[in-house]
Number of protein chains: 2
Amino acid sequence: MTARISDRRRALTALAGAVLESEGLDAFGLGALARAAGVKTPSLYKHFDGLADLEGALISEGFTALASALEGASGIRAFAETYRAHALARPQLYRLMTSRPLDRSRLEPGAELAAMTKLLDAFGESPADHPRARTLWAWAHGLVILQIDDRFPSDADLDASWEVLIATADGWTRTH
Amino acid sequence: MTARISDRRRALTALAGAVLESEGLDAFGLGALARAAGVKTPSLYKHFDGLADLEGALISEGFTALASALEGASGIRAFAETYRAHALARPQLYRLMTSRPLDRSRLEPGAELAAMTKLLDAFGESPADHPRARTLWAWAHGLVILQIDDRFPSDADLDASWEVLIATADGWTRTH
DNA sequence: GTCTATAGTGGGATAGAC
DNA sequence: GTCTATCCCACTATAGAC
């Protein structure tokens with residue numbers, strides 16, 4: 001019963017996530033959230049310390065949700081398909097998370113690290129594995145973000161492109 | 001001697017490219033270009049049909065330059081290193097070209113296609129090779145854009161991550 | 001080809017009443 | 001926790017004089 005203020009912030013953050021997807025990243029802002037909430041813009045300042053704070057809450061939630069989704073993915077195929085599905089389920093949030101400078105001071109501590117750790121752990125925790133883990137992440141990210149930004153021809157067989165990634169990374173784990 | 005107007009447009013576009021890199025994509029606009037050119041913003045409308053036209057000119061130039069750079073690259077290693085160096089030489093232009101919705105009606109006809117064709121041709125022109133060519137492009141793009149957006153730890157060995165890409169793609173061409 | 005003047009839009013943000 | 005009122009800023013864009 002004590003932390004009802006926090007509940008309101010959480011509810012507004014969830015609404016903001018929906019607005020972000022429906023309006024698009026470029027049209028998103030305090031005004032868009034206020035309109036959707038049926039509230040005037042200045043009211044939001046009781047719950048967020050400005051736009052950067054709101055974006056930080058959304059991004060933190062995104063990292064936490066990604067880490068949680070990857071938790072249950074074992075094996076390269078599950079990893080790749082989970083990452084792909086998770087990103088495409090909320091493409092505008094994915095763009096917000098990855099396609100602009102990241103103000104880490106606005107994030108919940110550990111949120112980004114939790115997601116990154118899950119990514120790196122797909123290949124073991126040894127530092128020697130990191131270049132391969134990072135390049136695999138970049139590969140998956142490239143496939144996802146180019147699709148979100150509509151850079152592939154409409155007839156491109158993206159499933160086939162993902163299969164190349166899966167087969168390649170599977171080869172790495174088999175020979176480790 | 002006839003097309004001096006066009007010369008001015010070209011010079012302003014070149015200046016805009018420099019401003020884009022020094023000010024960053026978010027701070028770029030007609031005002032930034034006007035300040036750099038020592039001119040008032042409305043004057044630019046004699047040379048560009050608004051901001052979208054200016055951005056289209058920059059993006060077209062970027063695609064043309066990329067196609068030209070890839071022209072001389074033969075083999076996977078040369079391809080990868082050329083792409084990487086070209087993107088990182090003008091990171092803000094690369095972001096402008098790849099990280100937002102692309103208004104193709106504002107581009108010089110064929111500019112995007114020329115660059116994309118060079119990318120696909122790295123693996124031959126058969127449609128069966130396209131999934132592999134596209135996934136390789138996405139991979140290279142992911143490595144470049146995550147570095148530009150500062151998403152890798154500062155101690156990450158990116159050279160090693162690129163070597164994984166090169167070794168993998170080399171394997172594809174050897175077994176074709 | 002450049003200028004001044006101006007209009008319009010949209011956004012973020014603060015102060016203070018209720 | 002929400003409101004009104006207000007301010008500030010930045011940018012795009014047009015009209016018309018020089």
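Because the structure is a prediction, the values reported are computed rather than measured. Residue numbering restarts at 1 for every chain, and letters A, B, ... go by the order of the sequence lines.
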Counting C-beta onward and ignoring hydrogens, is there a side-chain heavy-atom pair between Asp103(A) and Glu55(A) closer than 4.5 Å?
no

When the distance from CZ of Arg9(B) to P of dG1(C) is rounded to whole Å, what number comes out?
12 Å

Whole-Å gap separating P (dT2(C)) and CG (Leu33(B)):
11 Å

Whole-Å distance between dT14(D) P and Asp53(B) CG?
12 Å

When rounded to the nearest 0.5 angstrom, what distance separates OG in Ser99(B) from CD1 in Ile145(A)?
7.0 Å

Hey, does the side chain of Ser43(A) come within less than 4.0 Å of dC3(D)'s phosphate (OP1/OP2), counting only N and O?
yes

Whole-Å gap separating P (dA10(D)) and CD (Glu23(B))
13 Å

Which nucleotide in the set dC3(C), dA13(C), dT2(D) lies at the smallest distance from any side-chain heavy atom of Leu51(A)?
dA13(C)

Proximal nucleotide (of dG12(C), dG1(D), dG11(C)) relative to the Arg35(A) side chain
dG11(C)

In terms of side-chain heavy atoms of Lys46(A), which of dT12(D), dG1(D), dT2(C) is nearest?
dG1(D)

Test item: Thr173(A) and Asp170(A) side chains (from C-beta on) under 4.5 Å apart, heavy atoms:
yes

Answer with yes or no after comparing the ring centroid distance for Tyr94(B) and His141(B) against a 6.0 Å cut-off, counting only values under it.
yes

Value in whole Å for how far the C1' atom of dA17(D) lies from OH of Tyr45(B):
19 Å

Residue whose closest nucleotide on DNA chain C lies nearer the 5' end, Leu12(B) versus Pro42(B):
Leu12(B)

Quick one: Phe48(A) CZ to dA13(C) C1', roughly how many Å, whole number?
16 Å

From the set dT2(D), dA13(D), dT4(C), return the single nucleotide nearest to any side-chain atom of Lys40(B).
dT4(C)

Can you measure Phe28(B) atom CZ to dT12(D) atom P for me and round it to whole angstrom units?
9 Å

Selected nucleotide, minimal atom distance to Val39(B) side chain, candidates dT2(D), dG12(C), dT2(C)
dT2(C)

Less than 6.0 Å separating the ring centroids of Phe152(B) and Trp137(A)?
yes

Roughly, in whole Å, what's the span from CG in Leu30(B) to P in dT12(D)?
4 Å

